[in-house]
Amino acid sequence: MNLARLLSRCKPVAKINSTSSSSSSSIACTSFFLPGQRRSYTSSSTPATTAEFVSAVTFLPHPDKGEHGEDAYFITDNNQVAGVADGVGGWVEMGIDAGAFSRELMGGAEKFAINENSLDPYAMLNSAYFSTTALGTCTACIIALDGKELRAINVGDSGFSILRRQTESHKDKNELNDDPPHWALFFQTTEQVHFFNCPMQLGTNSKDSPSDGQQFNLPMEHGDIVILATDGLIDNLFTAELIQVSVDVVWYIHVDCENRSRGARAVFWQVLLIAFLTVVSNLFLLFFPPTLVRWTKR
Amino acid sequence: MMHTFEYDWCIENQLEPTLDSFNDMWQDKAAITAFANHLGARTQELAHDAVRRSPFTVNAATAGYTHVGGKLDDITCIVAAVNCSE
């Protein structure tokens, strides 16, 4: 394990070399490669600063609310825009599918973002709002990553939280260390409600419009985590619990990686040991061949 | 209270891990997927807790209502890590 640690500390040297000679960089990186250490495929050769999301979505519809639920979401293919919407459940009593409006609104916003190549959440939401024909209302939250700036609009009780990694001042930020990072809440939206359980909402017979929403421009850093969620999450998790969950996940992944590399290293040494024993025993048998001995009495 | 952590599942089934150390962790699709899965599962678990003091309980109390336990609703969460490559 110590050897692997040492090798991982040697990695930055290889990375500096890789900037000067890009062709031999992969060879230089992989020449020292123990099992259990994984090669990183990130290339440091692209000069321009581009920022994008690495994102994943979890959608767990409430079992009583049908197959599709009332929520809708989208993530664009260029990984720069994401949005969620939560259909207001009151419309179900009038026989209207509460999810239809939210799905159409998010579909419209995604279409606008792709067709216009836009990174303006307000323009997306506004265009979708005026082109949606379904009956119903919903809350909406859209985020877009424009360079290193996060642009967002939020209407209603959906929202997003940003977690930022805290680096201790005495540590070099670029140093590869295996300590799990510390997280702190950098930003969190507040819910916008008219009264309890009645959020601001877009749609049929609602006096709210996208221009009533809160708009944000926030500076982002590499490694920030944006958690964009509907009220199903926000009404069930306190902020402290959200941070605790992220700390837990980091810890689990850390343990997973450790176990994986430990397992691979164990297999490596076991195979080496067996090969060594085989060779030694074969050599022994070569030089000292066994003689046939009759053990039973004649 | 502990969930099955689905990082291994992600790796085996759909996603190739490229994780080298913690500094690379948030460029890794499998890690983010595991994050989102875990967050959703944890939220659902808390939503089904009938005796818990949840944020919804607090909001209801502020408005003069009484609500005990989590709030059962659709759960959608998008976890997005900002990845700046320069």
Side-chain angles (χ1 to χ4, degrees), chain A residues 8 38-42 46-62 65 69-71 73 75 82 84 86 145 148 176-181 195-196 220-238 245-246 248-249 252-254 256-257, chain B residues 3 5 7-8 10-11 16-47 49 52-60 62-65 67 70-86:
Chain A
S8 76
R38 214 167 272 119
R39 203 178 104 202
S40 76
Y41 295 94
T42 53
T46 46
T49 302
T50 54
E52 61 173 29
F53 290 132
V54 180
S55 56
V57 63
T58 304
F59 177 49
L60 301 167
H62 188 253
K65 290 183 178 176
E70 295 165 358
D71 287 2
Y73 64 87
I75 303 168
V84 293
D86 179 17
L145 198 58
K148 280 192 143 188
L176 288 173
N177 51 2
D178 272 3
D179 304 332
F195 49 89
F196 173 63
M220 302 302 285
E221 284 178 9
H222 176 72
D224 285 357
I225 306 175
V226 186
I227 298 163
L228 179 64
T230 57
D231 61 341
L233 187 137
I234 293 168
D235 282 341
N236 280 311
L237 279 181
F238 287 105
V245 166
S246 66
D248 286 351
V249 169
Y252 292 149
I253 290 176
H254 179 63
D256 272 9
C257 291
Chain B
H3 283 290
F5 194 60
Y7 187 57
D8 282 325
C10 294
I11 290 161
E16 180 72 19
T18 59
L19 209 58
D20 206 8
S21 76
F22 275 119
N23 294 26
D24 299 333
M25 179 171 154
W26 305 114
Q27 301 167 10
D28 188 12
K29 186 86 176 168
I32 299 297
T33 308
F35 191 111
N37 287 344
H38 184 77
L39 188 60
R42 183 90 182 112
T43 308
Q44 204 171 38
E45 183 188 345
L46 291 176
D49 191 337
R52 187 173 169 266
R53 178 178 169 276
S54 65
F56 194 67
T57 311
V58 176
N59 289 342
T62 313
Y65 297 91
H67 181 277
K71 184 193 174 205
L72 285 169
D73 200 352
D74 298 334
I75 296 161
T76 308
C77 58
I78 297 178
V79 176
V82 178
N83 182 13
C84 304
S85 56
E86 36 193 311

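Basis for what follows: all heavy atoms, side chains included, without hydrogens, waters or symmetry-related copies. In what follows, every chain begins at residue 1, and chains take the letters A, B, ... in the order their sequences are listed.
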S.K.: Can you establish whether the number of heavy atoms outside B:Tyr65 located under 6.0 Å from its atom OH is more than 12?
M.R.: no
S.K.: When you look at B:Thr76 and A:Asp86, which way does the side-chain contact (heavy atoms from CB on, under 4.5 Å) test go after all the steps?
M.R.: CA-CA 9 Å; B:Thr76 308; A:Asp86 179 17; over 6 Å; no
S.K.: Do A:His222 and B:Asn83 have side chains that get closer than 4.5 Å, going by heavy atoms?
M.R.: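 A side-chain contact exists here, since the closest heavy-atom pair is under 4.5 Å.
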S.K.: Is there side-chain contact between B:Val79 and A:Ile225, with at least one heavy-atom pair below 4.5 Å?
M.R.: yes
S.K.: Only pairs of heavy atoms separated by less than 4.5 Å count here; which of B:Ala63, B:Pro55, B:Gly64, B:Gly40 has the most with chain A?
M.R.: B:Pro55
S.K.: Provide the closest heavy-atom pair for B:Cys84 versus A:Glu221 in the form atom of the first, atom of the second, distance.
M.R.: SG-C, 4.4 Å
S.K.: Is there a side-chain contact between B:Leu39 and A:Leu233 (heavy atoms, below 4.5 Å)?
M.R.: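 Touching, per the 4.5 Å side-chain cut-off.
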S.K.: For chain A, which of B:Ala36, B:Ser54, B:Cys77 has the most heavy-atom pairs under 4.5 Å?
M.R.: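 When all of B:Ala36, B:Ser54, B:Cys77 are compared, B:Cys77 has the most.
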S.K.: Is it the backbone or the side chain of A:Ile234 that comes under 4.5 Å from a heavy atom of chain B, or both, or neither?
M.R.: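 Interface part for A:Ile234: backbone (N, CA, C, O).
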S.K.: Can you check whether A:Asn236's main-chain N or O pairs, donor with acceptor, with B:Arg52's side chain at less than 3.5 Å?
M.R.: yes
S.K.: Check B:Ile32 against A:Val54 and note the closest heavy-atom contact, atom names and distance.
M.R.: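 Minimum heavy-atom contact is CG2-O, 3.6 Å.
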S.K.: Please check if atom CZ in A:Phe53 has more than 12 non-hydrogen atoms from other residues, nucleotides or ligands closer than 6.0 Å.
M.R.: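 Enclosed: over 12 neighbouring heavy atoms sit under 6.0 Å from CZ of A:Phe53.
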S.K.: Sort out for me which of B:Thr57, B:Ile75, B:Val58 touches chain A most, counting heavy-atom pairs under 4.5 Å.
M.R.: B:Ile75
S.K.: Check whether any side-chain heavy atom of B:Phe35 lies under 4.5 Å from a side-chain heavy atom of A:Ile227, and answer yes or no.
M.R.: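 Yes, close enough: below the 4.5 Å cut-off.
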S.K.: If you define the side chain from C-beta out and look only at heavy atoms, does anything of B:Ile78 sit under 4.5 Å from A:Val84?
M.R.: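 Yes; the side chains approach each other to less than 4.5 Å.
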S.K.: Does the side chain of B:Thr43 come within less than 4.5 Å of A:Leu60's, by heavy atoms?
M.R.: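 When only atoms from C-beta onward are counted, B:Thr43 and A:Leu60 do not touch, as no gap falls below 4.5 Å.
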